[in-house]
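Before any comments, here is the structure.
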Amino acid sequence: MTERDPRRALRVEALESLLVEKGLVDRKTIDRIVEHYETNVGPLNGAKVIARAWVDQAYKTRLLQNGSKAIAELGFGGPQGEHLVVVENCPGVHNVIACTLCSCYPWPVLGLPPSWYKSPEYRARIVREPRKVLAEMGLDLASEVEIRVWDSSAEVRYMVLPERPPGSETLGEEELALLVSRDAMIGVGRARTPGAPESDAP
Amino acid sequence: MTSLAAPTPGPTRSDVGGRHEHFGPIVRPAVEPTFQERWQARTFGLMMFLSGTVDRNGDAFRETLEQLPADEYFAGYYQSWLATIERRLEEGGWIAEGEVDACLAGDLGPSGVRRSRPSLAERMLARSLPLAMRPLPPWAIHLMLRTFQYSRPAPRRARFRAGDEVRVVARRPPGFTRLPGYTCGCRGRIAYVHGAMVFPDTNARGLGEDPQHLYTIAFDARELWGDEAERHASVCVDLFESYLEVDSP
C-alpha cells in the first residue's frame, strides 16, 4: 500500500470509530490536536526565536544556555521540546540536525518534520557524508568550514541558530523572522539574504 | 550470540545511520503541507491522543514501531505509526486482534475481548488535552515541561565530565536500544552533560525507568568512518552512560 492508498483512509476511519465506540478517544479532541499542529506549531515559531536571538544578545545567551527555557519565554513548548538545545553557526562552523534511529525533531519550534528528514536516505547519509548531502541540497560550504552533525538519538532535540545574513542590519525582529526558513534551522540551508527569493516555504 | 551473527531483524531495523544499503537520493518536495493526506492527520491525532491517555510510554511505542516487519517499517512515516498504534492497542487489551479488519469487513457486532473503560485519571487527562492544544503562556509551558520531561533525580554521580575522552561499547545491547551502531567501539569526547534521564532501553520493556546520565559525545568523522570520512566533519550523538567506557589507550 502507498501513502495515497484509499485503504489507509478506510483503516484509520475504522480504527477511530472503534475507539470512539469504546470510549477511548473523542473525535473533537483529535480535531483540536490536528488543528493545533496545522496552525499553531510550525517553523514560524522557531523563526521568531532566531530573530529575537539576533537582535537581543542577552536572550541569545539564555537561548544557548537553556534552549527549552528561553524558547518558553516566547510562548513555545510542548511534546518533543522538553530538552531543546540550540547550536550556533559561525563563519568556521556549520551545524545540521538529524535523528538516525527515528525522526526526533524539535516540534514546538519547527513543527512536524518534513518527509525527507524522516527518510532512511537522509538518516543514513547525513552522518557519513554531510558535505555531499548539503551540497546536493543546495548548500555549498567552503572546504575549511567544519560541519557538525547532531544525531538526536535520545531525549534531546536540537535546533540550529543560523548566521544573521548580510544586509539585514537595519531590519527589525519581525522582518528578520521572515528570513529564517525551516531548512536554515535544520541546517540544510542558510537564512535568506534580504531581497533574495524564498528558497522554501517557512 | 556471536559477533558474526547476521543482524537480527527487529532491533537493528531502525539503525540506519551510515549504512550504505539506505543510500540514495533525498527527495524534497518544493512545498509540503503539515499533512499530505487526511488519514495521516487522523493517525497523528489518534497517536497524540493515546500517548496522552492510555499509551503514555513513548519508548514502548518506539520499540513496537521498530519491531514491525521491514515493509511496514519503511512504508512511510504515518503508515508505520498506524500499524504501531494497532499493535499497541492489541497488546494493551484495548482492541482484539483482527477487530479492525472485522470492522472493515462490515462486521459491526462487538468482537473480541473488551477491557474495562479507561480509568478516571485517563479520562481526566483526555478531557484536559484540548487545553494544551493552543498557544500557552510561559508559566503553563514550564509546568507542562516539568510534568512531562524525562529528567529524573540522579541515582548516582555522573561518571564523566565535559571534555573527558570516552569509548563506546563494542556492540549494541540486545533488544531495544538508543545506541546507534555506527558509534560502537569509537572514541569521542564529552561535549554536553545533560543529567540523569529515563533510560529508554529498560523503560520500553516495562523494566522501569532506571535513570542514567545522558551525554552528548562528539566524534571526529575519521574515527567513525576511517579513510573515507569527509574532512572537517564531526558527529555529536546523545548517549547514555551505560553505553560508554573510560577510554584506556
Side-chain angles (χ1 to χ4, degrees), chain A residues 3-4 8-12 14-16 18 22-26 29-30 32-34 36-38 40 68 72-73 75 77-78 82-83 100-102 111-112 114-116 118-125 127-131 133 136 144-156 201, chain B residues 14-19 22-24 26-28 31-32 34 37 39 41-43 45-46 48-49 54 62 74 76-77 79 82 86 94-95 99-100 103-104 117-118 126 129-130 133-136 138 141-142 144-145 148-150 178 180 182 194 197 214 225 230 232-238:
Chain A
E3 290 274 313
R4 290 193 184 276
R8 280 289 151 204
L10 291 174
R11 190 158 195 97
V12 181
L15 178 63
E16 191 177 320
L18 198 59
K22 286 171 188 268
L24 271 178
V25 302
D26 154 69
T29 303
I30 295 177
R32 190 82 194 84
I33 292 169
V34 169
H36 179 62
Y37 279 89
E38 283 182 326
N40 301 326
S68 299
E73 287 180 34
E82 293 84 354
H83 303 281
T100 60
L101 289 179
C102 38
L112 301 178
S115 54
W116 58 263
K118 302 175 282 193
S119 70
E121 291 82 8
Y122 180 76
R123 289 161 53 192
R125 293 178 60 200
V127 289
R128 192 157 189 156
E129 45 180 30
R131 202 174 293 273
V133 169
E136 271 179 36
E144 68 272 16
V145 172
E146 189 202 328
I147 301 179
R148 285 186 197 149
V149 185
W150 298 82
D151 182 358
S152 38
S153 48
E155 313 307 350
V156 182
Chain B
S14 62
D15 186 30
V16 304
R19 288 167 67 151
H22 298 291
F23 278 35
I26 294 160
V27 182
R28 247 190 336 169
V31 182
E32 199 179 322
T34 307
E37 302 269 319
W39 72 264
R42 295 319 282 183
T43 301
L46 266 179
M48 290 299 282
F49 192 112
V54 300
R62 281 199 198 105
F74 290 114
Y77 191 61
Q79 222 156 300
L82 178 59
E86 279 191 44
W94 298 105
I95 60 173
E99 202 172 344
V100 180
C103 259
L104 281 166
R117 291 173 66 80
L129 267 179
M133 295 298 144
R134 65 182 54 145
L136 295 172
I141 293 170
H142 284 303
M144 196 160 65
L145 293 180
F148 295 104
Q149 67 177 353
Y150 307 99
R178 295 291 91 189
Y182 70 88
H194 297 288
M197 296 204 192
L214 179 69
W225 317 115
E230 288 182 351
H232 301 306
S234 59
V235 185
C236 301
V237 189
D238 297 328

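A, B, ... follow the sequence lines: proteins, then strands. Residue 1 opens every chain.
Top candidate by heavy-atom pairs under 4.5 Å with chain A, chosen from B:E230, B:H194, B:R178, B:R134, is B:E230. Counting heavy-atom pairs closer than 4.5 Å to chain B, the top-ranked of the candidates A:K118, A:E16, A:R148, A:E146 is A:K118. For chain B, the option among A:D151, A:L101, A:I147, A:V149 with the highest count of heavy-atom pairs below 4.5 Å is A:L101. Of all the listed residues (B:M144, B:R62, B:R42), the one sharing the greatest number of non-hydrogen pairs under 4.5 Å with chain A is B:R42. When A:A14, A:S152, A:P130 are compared by the number of non-hydrogen pairs under 4.5 Å with chain B, A:P130 comes out ahead. Taking B:Y182, B:F148, B:F74, B:F23 one by one and counting their heavy-atom pairs under 4.5 Å with chain A, the maximum is reached by B:F23. For the set A:E136, A:H83, A:E144, the count of heavy-atom pairs under 4.5 angstrom toward chain B peaks at A:H83. Between chain B and the residues A:S68, A:S119, A:S115, the largest count of heavy-atom pairs under 4.5 Å involves A:S115. With chain A as partner, the option from B:A233, B:P138, B:C236 having the largest number of non-hydrogen pairs under 4.5 angstrom is B:C236.
Contacts of B:Q149 with chain A are made by both backbone and side-chain atoms, with heavy-atom separations under 4.5 Å. Contacts of B:V54 with chain A are made by side-chain atoms alone, with heavy-atom separations under 4.5 Å and no backbone atom involved. Looking at A:E129, the atoms closer than 4.5 Å to chain B (heavy atoms on both sides) sit in the backbone and in the side chain alike. Contacts between A:V145 and chain B at a heavy-atom distance below 4.5 Å involve the backbone alone (N, CA, C, O). Of the atoms belonging to A:D26, heavy atoms from both backbone and side chain fall under 4.5 Å from chain B. Only the backbone of B:L136 comes within contact range of chain A, judged by heavy atoms closer than 4.5 Å. Heavy atoms closer than 4.5 Å to chain B are found in both the backbone and the side chain of A:L10.
A donor-acceptor contact shorter than 3.5 Å is absent between the side chain of A:R128 and the backbone of B:G17. Remark: the backbone N or O of B:D238 is paired with a side-chain donor or acceptor of A:S153 at under 3.5 angstrom.
A distance of 7.0 Å separates CG in B:L214 from CD in A:E155, rounded to the nearest 0.5 Å. Between atom CG of residue B:D15 and atom NE2 of residue B:H22 there is a gap of 8.5 Å, rounded to the nearest 0.5 Å. How far OH of A:Y122 is from OG1 of A:T100: 11.0 Å, rounded to the nearest 0.5 Å.
For the pair B:Q79 and A:R8, the minimum side-chain heavy-atom distance is below 4.5 Å. Considering only heavy atoms from C-beta on, B:E99 comes within 4.5 Å of A:K22 through its side chain. Proximity of B:L104 to A:R11: side-chain heavy atoms (C-beta onward) are separated by under 4.5 Å at one or more points. B:R19 has its side chain out of reach of A:P120: every pair of non-hydrogen atoms, C-beta onward, lies at least 4.5 Å apart.
Checked options A:L15, A:L18, A:I30; the residue passing with A:V25 is A:I30 (criterion: side-chain contact (heavy atoms from CB on, under 4.5 Å)).
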